[in-house]
Amino acid sequence: MPYVVVYIPAYNEENSIEKVIKRIQELYQGANQKDFVLDVIVIDDGSKDKTAQIAKAAGVRQVVIHPYNRGLGAATRTGLQTALEMGADIAVKIDADMQNPPEEIEKVVRPILEDRADCVFGSRLMGELQYKMPFYRDFGNKFFAWLTSYITGLKVTDATTGLIACHKRYLQVFNIIKDYNETQQMIIDSWGKHMRVMEVSTIFNERKSGKSFIKFNFKYPSIVIPTMLRMYIHFKPLRFFFYTGFSCLFLGLLAALYLMFNQNAFWGDASVSILIIVGFQIIFFGLLADQISFKRK
Ligand SMILES: Nc1nc2c(ncn2[C@@H]2O[C@H](COP(=O)(O)OP(=O)(O)O)[C@@H](O)[C@H]2O)c(=O)[nH]1
Ligand SMILES: [Mg+2]
């Protein structure tokens, strides 16, 4: 029978962690076991409360403890790596705050069991949200879904979901480069690794205890957007560097034409040469990056 490892990243979630674990055990273990065997592990990311002790007492297979708080991306990396080492066929991430109902684990696992997908993301935005999000979260969700879709060419409706399942094919090749958070990284990375990416509609409830790590400030976008850009450059170096290099060249040639007809232009020939040289240089960087990236394929 396929082996499913559910990993729960948790940071100061002593009020809800037991509820999530118990509910998962109730739904998928013992008498209620489905057509897969399921184990739960918790990645405690340096919680200052009793999260780790409560998780251990609840009888999970393993509690992996980070000695200090490293972030959801780092915890996800640990979760995926541990699941791989445990011999999982499928790894599922679910949040510790009960916002994703554990009933929906099966929804993200099923397409992988049926060999219709390698990575399944539970979209909260394909159906109706179960509560009214603050406007900045709503805007942020739409923006990141758009940006992820733009980068990958996939039709992503939710790039900030917490419910994600992956086949072991992905566990063998994943690369989460940034510690802060995980969802966009996993979508872009799995797309870049030629996985079959799928979204299924899921429910998302309001948080009843604890606090979201996402606040109304610029921290989230200022970390996530550059990370997405770095990943895009990693997977599509030629496209990125050619576009930027050609823009410089094009501007340089336009400037050269302008100078030809207007000798009194105040910025002179140096700008033309700089634009053209820089343009060629950027294109050269693209070729170099391309060599490095196709060596890895
Ligand atoms: N490992 C780790 N997990 C975190 C951290 N911050 C939040 N989490 C967990 O990540 C999940 C989602 O976080 P949450 O704050 O609810 O984000 P939201 O649902 O997008 O508002 C929950 O299970 C949290 O316990 C962190 O610094 N490290
Ligand atoms: Mg949450």
Side-chain angles (χ1 to χ4, degrees), residues 6-24 40-55 58 60 62-83 91-102 104-105 108 121-125 129-145 148 156-165 176 178-187 202-217 219-221 223-224 227:
V6 175
Y7 62 97
I8 313 177
Y11 180 55
N12 295 341
E13 298 282 10
E14 63 181 5
N15 292 320
S16 57
I17 187 78
E18 187 179 15
K19 216 185 284 171
V20 186
I21 297 169
K22 292 282 176 215
R23 188 75 188 125
I24 298 174
V40 181
I41 63 173
V42 170
I43 318 298
D44 177 69
D45 195 28
S47 295
K48 292 174 189 73
D49 63 5
K50 296 207 164 56
T51 300
Q53 292 95 306
I54 295 174
V60 295
Q62 216 185 124
V63 179
V64 185
I65 298 178
H66 287 174
Y68 59 94
N69 183 241
R70 293 172 55 197
L72 189 47
T76 299
R77 200 187 293 126
T78 305
L80 293 171
Q81 188 59 41
T82 311
V92 181
K93 169 185 170 286
I94 189 165
D95 288 349
D97 54 9
M98 279 299 254
Q99 287 197 272
N100 302 110
E104 308 234 287
I105 288 176
V108 286
F121 295 82
S123 168
R124 305 160 301 172
L125 307 171
L129 261 187
Q130 274 57 47
Y131 74 102
K132 191 154 171 33
M133 270 191 191
F135 86 93
Y136 67 93
R137 292 289 300 248
D138 190 39
F139 175 80
N141 283 335
K142 289 192 177 118
F143 171 75
F144 283 107
T148 313
V156 177
T157 61
D158 186 1
T160 45
T161 179
L163 185 64
I164 306 168
I176 306 287
K178 189 81 190 168
D179 284 353
Y180 180 65
N181 84 325
E182 88 301 10
T183 316
Q184 301 89 1
Q185 293 194 65
M186 285 180 78
I187 300 175
T202 49
I203 290 171
F204 191 63
N205 297 312
E206 192 160 5
R207 207 185 229 282
K208 295 267 161 42
S209 63
K211 278 203 185 79
S212 171
F213 81 103
I214 302 169
K215 302 194 178 56
F216 182 41
N217 58 31
K219 185 171 180 195
Y220 188 91
I223 296 177
V224 173
T227 304

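For ligands, and for the atoms within them, numbers begin at 1 and follow the listed sequence.
Counting the atoms of ligand 1 from 1 in the order shown, those under 4.0 Å from a heavy atom of Ile214 are 20 (O). Each of the following atoms of ligand 1 lies closer than 4.0 Å to a heavy atom of Ala10: 25 (O). Residue contact check: Asp45 has heavy atoms under 4.0 Å from atoms 1 (N), 2 (C), 26 (C), 27 (O), 28 (N) of ligand 1. In summary, the atoms of ligand 1 found under 4.0 Å from a heavy atom of Ala75, numbered by their order in the structure, are 1 (N).
Side-chain contact between Arg124 and Met133 is present, with at least one heavy-atom pair separated by less than 4.5 Å. Put simply, the side chain of Val224 does not reach to within 4.5 Å of the side chain of Thr160, judged on heavy atoms. Proximity of Val60 to Ile41: side-chain heavy atoms (C-beta onward) are nowhere separated by under 4.5 Å. Side-chain contact between Pro9 and Lys93 is present, with heavy atoms from C-beta onward closer than 4.5 Å. Taking 4.5 Å as the limit, some side-chain heavy atom of Leu80 sits within range of a side-chain heavy atom of Met186. The side-chain heavy atoms of Phe204 and Leu125, taken from C-beta on, include no pair separated by under 4.5 Å.
A search for side-chain hydrogen bond (donor to acceptor under 3.5 Å, both in side chains) contacts involving Asn100 returns nothing, not counting sequence neighbours. For Asp45, the salt bridge (Lys or Arg N to Asp or Glu O under 4.0 Å) criterion is met by no residue, not counting sequence neighbours. Gln185 is linked by a side-chain hydrogen bond (donor to acceptor under 3.5 Å, both in side chains) to nothing, counting only residues two or more places apart in sequence or in another chain.
For atom 3 (N) of ligand 1, the nearest non-hydrogen atom of the protein is Leu72 CD1, 3.6 Å. Closest protein heavy atom to atom 7 (C) of ligand 1: Phe213 CD2, 3.7 Å. From the protein, the heavy atom lying nearest to atom 21 (O) of ligand 1 is Ser212 OG, 2.5 Å. When only non-hydrogen protein atoms are considered, atom 25 (O) of ligand 1 lies nearest to Glu13 OE2, 2.6 Å. In terms of protein heavy atoms, atom 19 (O) of ligand 1 is closest to Gln99 OE1, 3.0 Å.
By the neighbour-count criterion of 12 heavy atoms within 6.0 Å, atom CZ of Phe139 is sparsely surrounded, having that number or fewer from other residues, nucleotides or ligands.
Residue Ala96 places at least one N or O, backbone or side chain, under 3.5 Å from an N or O of ligand 1. Polar contact check, Pro9 against ligand 1: a nitrogen or oxygen pair lies under 3.5 Å apart.
Ligand 1 has Asp97 within reach: a non-hydrogen atom of the residue lies less than 4.0 Å from it. Look at Arg207 and you'll find a heavy atom under 4.0 Å from some atom of ligand 1. Heavy-atom separations between Arg137 and ligand 1 include at least one value shorter than 4.0 Å.
Aromatic pair Phe144/Tyr220: centroids less than 6.0 angstrom apart.
Comparing heavy-atom distances from atom 11 (C) of ligand 1 across Asp95, Asn69, Asp44, Val42 singles out Asp95 as nearest. The nearest non-hydrogen atom to atom 4 (C) of ligand 1, considering only Tyr180, Tyr220, Phe204, Tyr11, comes from Tyr11.
Partner of Ser212 under the side chain to side chain donor-acceptor pair (under 3.5 Å) criterion, chosen from Arg137, Arg207, Gln99: Arg137.
A salt bridge does not link Glu18 with Lys50: every distance from a Lys NZ or Arg NE/NH1/NH2 to an Asp or Glu carboxylate oxygen is 4.0 Å or more.
Protein nitrogen, oxygen and sulfur atoms, that is N, O or S, within less than 2.8 Å of the Mg ion (ligand 2) amount to 2.
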### Message
For Lys132 and Asp138: C-alpha separation, side-chain torsions, deciding distance, then whether salt bridge (Lys or Arg N to Asp or Glu O under 4.0 Å) applies.
### Response
CA-CA 9 Å; Lys132 191 154 171 33; Asp138 190 39; over 6 Å; no
